[in-house]
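For reference, the structure discussed in these notes is given below.
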Amino acid sequence: MVQEVRIAKRTGFCYGVREAIDKAKEASAAGKATHTLGQVVHNEGVVRELQVLGIQTVDQLDDVDHGAAVIIRAHGVRPDVLERANSRGLEIIDGTCTWVIQEQRELRRLVEDGYTIVLLGTPKHPEVAGLLGFAPDAIVVDEEEEWEAAIPRRKRMALISQSTQPPWKFERLAAFMVSRAHELKIVNTVCPVTIRRQEDTMELAGNVDLMVVVGGRSSANTKELTRLCEIAGTPAVQIEGVRDLTDPTVFAGAVVVGVTGGTSTPIEDLRDVTERILAFAGTPETSSRAHELSIAALDRAATPAGRTTSLPGPTAPTVTISYGAA
Ligand code: SF4
C-alpha cells in the first residue's frame, strides 16, 4: 500500500503557458470580448475554466468580431497571421513565449545569413507551424529514422529546435549533422524549463516505486517524461487527470509513488492526483489523511526555488563548427 506520494519539483505550467493564460484572464477581466487563437493550453480543465470567464477558443481569425481581443498563445504564430489580425482590426494580445520569440528571431537571422536550416520538431505542432513562417524552407525532422533521407549535404547548414524537444535528441542530431556540412551552426533552443523538468522527473523516478505522469495524451513533452521514467527503470503510468485514476490495483506493491506533469498541466492537478492515490491506494493512515498529505506534498514541491519564473532570460546558446569539405 502507498505510504507516501512525492510531487516532482519545478512542475506546473511553464512560464510561457502561464503568461498566456494570465493575459487572457486580464483581458477578460478588463471587459474585453476575449478569444484565444487555438487552445491556449492543452488541458481541458483549464480551457473550461477560461470559458466560464467568457474567454472563447477560436480556430481561425474569421471567427473573431472586429475590435475584439485575440490572444496569441505561447506557441506563437506565423507573421502573416499577425498581419491578418491587424488588417481585420482585432486587438492582438501577444502571449508568444519569450523563448519562442527568441527562436523566431534566430530563424530569421539564419535565413538572412543563407544557411540551409534543419528544424528538429514535430511537423504539425503549432509552434513548428509558427516557426516555419520565419523560415519557410527549413527542413523539419523528428524521428531518427528520417534523418538520413531528409537531411541533405550542404556547405553551410544550421540546426535549431522546437522548444520542447528532448535535449538528448537535439545532441544526437547535432552529432549526426557534423558530417553533413562544411560549416554547421548549432542554435540550441531547447527550452531550459523542459530540461529542468526532465531532470527533476528523472531524479524523482530514481527514488520511488512507481511514477504517475499527468498531461495531455498528445503532449509530446508529457510522453517524453513517461519515457524518461522508464529509462530510469521505474514503471510509469500516464494519465490526463485525476478522473483517469480508477484502478487502485495499478499501485499494488508500490510504497512510494512519484507524480510529475507536463508544461500544460496545472500544479493543482498534481495535488489532486496525489490525494486520489493516497485515498484509494494508501495505508489506512495515509488514506484517512489524503487531503492534508497532498497539500503538504504540493507545498514541498512548489518552493520558490521550484518556480519557473526564476529562470534567467531567453538567450539561446550558439555554437558554430567549421571543418572539412561537405
Ligand atoms: S516550454 Fe519553454 S518555450 Fe515552450 S512555452 Fe513553455 S517556457 Fe516557453
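Please read all numbers here as calculations on a predicted model, not as lab measurements. Both counts, for ligands and for their atoms, begin at 1 and track the order of listing. As a basis for the values below, the full set of heavy atoms in this structure was taken, side chains included, without hydrogen atoms, waters or symmetry mates.
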Thr201 and Thr260: side-chain donor and acceptor closer than 3.5 Å?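 Checked: Thr201/Thr260 side chains pair up, N/O donor to acceptor below 3.5 Å.
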In this structure, would Leu204 and Val212 fall into the same cluster of hydrophobic residues linked by side-chain contacts under 4.5 Å?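 Different hydrophobic clusters.
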Can you list the residues that meet the ring pair (Phe, Tyr, Trp, His ring centres under 6.0 Å) rule with His75, with sequence neighbours excluded?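 Scan of His75 (ring pair (Phe, Tyr, Trp, His ring centres under 6.0 Å), adjacent residues dropped) gives His42, His125.
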Around atom 2 (Fe) of ligand 1, how many protein N, O or S atoms are there at under 2.8 Å?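 For atom 2 (Fe) of ligand 1, the figure is 1.
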Below 4.0 angstrom, N of the basic side chain to O of the carboxylate: do Arg6 and Glu4 qualify?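 Yes, charged N to carboxylate O under 4.0 Å.
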Check: Ser163 main-chain N/O paired with Glu127 side-chain donor or acceptor under 3.5 Å: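 Yes.
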Using side-chain contact (heavy atoms from CB on, under 4.5 Å) as the criterion, point out the one residue from Ile71, Val70, Leu53 that pairs with Thr34.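 So the option named by the test is Ile71.
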